[in-house]
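Positions are given from 1, in the same order as the sequence printed here. Note: hydrogens, waters and symmetry copies are ignored here, and every other heavy atom, side chains too, is used.
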Amino acid sequence: MIQNYIDTHAHIYSLEFHDDFDAVIARAHDAGVYRMMIVTTDEEEALQAIEFAKKDPVHYQVAYGIHPEYVKDATSEKLRKLEEIISKKGITAVGEIGMDLYYESDTREAQKELFIYQIELAKKYNKPILVHSRDAMQETYDIMKEHHVRGLLHCFSGSAEMAVEFTKLGYYIALGGAATFKNARHALEVCKAVDMKYLLSETDCPYMAPVPVRGTRNEPCNIPYIVDVLAKTRDISVEEMANTIDENYKRFLKEINESN
């Protein structure tokens, strides 16, 4: 049984997991998911996740950032607290941050300012970024090129051509449950197009559950369904794909450790 699956984007401290957190972790272990980036969306989640990951920093990492959807809540006090938390040793990455013009197109300029501000914080504290981009791929690319820092594109939804351009800048591409959907043509094209050394897997749980459990609460234990599809798309074994993603994530974390 494969024991080195990776979930590079898991919101396991969201409300959806409060009632069965321990069971969720146990199911992930049983499924062979041995490393996880815990992505947090507020100060309380971040501090709780830091304490949890502190017990096993090899297998659990923590990210915190202000999602573009919450740009209107980014008060000066919120930004002060953000930096205070990001500066902590227990935070591995700044994220998820980025641009989202699907719901919040009226805040385009404010989102750009917040995105750049958080990138600069990541640079200041020598941490990578986890980037969310929806209906804003060109703006995201332009900002990430100009304000370059190490990082990855979470739940990548752009074209294969754009994915390749991001990897030319050294960014990793994470694919999740959407790659298993019937209308997943773009995600599969991305999987085929990019150099495998830049591919990562994620769940974005509790969202985007993959086929065959689509429509349910997503969990880290569903990573094998995603990796299976990525392996079939590249015409390689599941073991090879899992090993490749494992090595990619180790490299991603090594790049962080070596620069600190």
Atom pair [atom1]/[atom2] of [X] and [Y] - distance to nearest 0.5 Å:
{"X": "Phe17", "Y": "Leu15", "atom1": "CZ", "atom2": "CG", "answer": "11.0 Å"}
{"X": "Ile173", "Y": "Tyr198", "atom1": "CD1", "atom2": "OH", "answer": "10.0 Å"}
{"X": "Ile129", "Y": "Ile119", "atom1": "CD1", "atom2": "CD1", "answer": "4.5 Å"}
{"X": "Ile85", "Y": "Arg80", "atom1": "CD1", "atom2": "CZ", "answer": "9.5 Å"}
{"X": "Phe156", "Y": "His186", "atom1": "CZ", "atom2": "NE2", "answer": "11.0 Å"}
{"X": "Leu121", "Y": "Lys123", "atom1": "CG", "atom2": "NZ", "answer": "11.5 Å"}

Angle between ring planes, Phe252 versus Tyr249, binned at 30° and 60°: parallel, tilted or perpendicular?
parallel

Using 30° and 60° as the class boundaries, would you call the ring planes of Tyr60 and His29 parallel, tilted or perpendicular?
tilted

Examine Ile226 and Met196 and state if one hydrophobic cluster contains both, with Ile, Leu, Val, Met, Phe, Trp and Tyr joined whenever side-chain heavy atoms are less than 4.5 Å apart.
yes

Are side-chain heavy atoms of Glu83 and Tyr117 found at a separation under 4.5 Å?
yes

Pro220 and Ile12, any side-chain heavy atoms less than 4.5 Å apart
yes

Quick one: do the Asp7 and Thr203 side chains pair a donor with an acceptor below 3.5 Å?
yes

Ignoring hydrogens and geometry beyond distance, is a side-chain donor-acceptor pair present between Glu202 and His9 at under 3.5 Å?
no

Other residues, nucleotides and ligands only: do more than 12 of their heavy atoms fall within 6.0 Å of [atom1] on [X]?
{"X": "Tyr13", "atom1": "OH", "answer": "yes"}
{"X": "Asp19", "atom1": "CG", "answer": "no"}
{"X": "Phe21", "atom1": "CZ", "answer": "yes"}

Just grab all the salt bridge (Lys or Arg N to Asp or Glu O under 4.0 Å) pairs involving residues 29-44, residues at least two apart or on different chains.
Glu43-Lys78

Could you pull out the closest heavy-atom pair between Gly215 and Ala209, with the gap in Å?
N-CB, 4.3 Å

Do the side chains of [X] and [Y] get close enough for a salt bridge, i.e. N-O under 4.0 angstrom?
{"X": "Asp142", "Y": "Lys112", "answer": "no"}
{"X": "Glu240", "Y": "Arg234", "answer": "no"}
{"X": "Glu189", "Y": "Lys192", "answer": "no"}
{"X": "Glu120", "Y": "Lys124", "answer": "no"}

Only one of Leu79, Val71, Asp73 forms a side chain to side chain contact (heavy atoms under 4.5 Å, CB included) with Ile66, so which one is it?
Leu79

Donor-acceptor pairs under 3.5 angstrom involving side-chain atoms of residues 46-56: please list them, not counting sequence neighbours.
from, atom 1, to, atom 2, distance (Å)
Glu51, OE2, Lys54, NZ, 2.9
Asp56, OD1, His59, ND1, 3.0
Asp56, OD2, His59, ND1, 3.0

Side chain to side chain donor-acceptor pair (under 3.5 Å) partner of Tyr172, chosen from Lys197, Arg150, Arg251
Arg251

Residues in salt bridge (charged side-chain N to carboxylate O under 4.0 Å, His left out) with Arg108, at least two apart?
Glu139

List the steps, then state whether ring-ring contact (aromatic ring centres under 6.0 Å, His included) holds for His148 with Tyr171.
CA-CA 10 Å; His148 190 270; Tyr171 292 111; 5.0 Å; yes

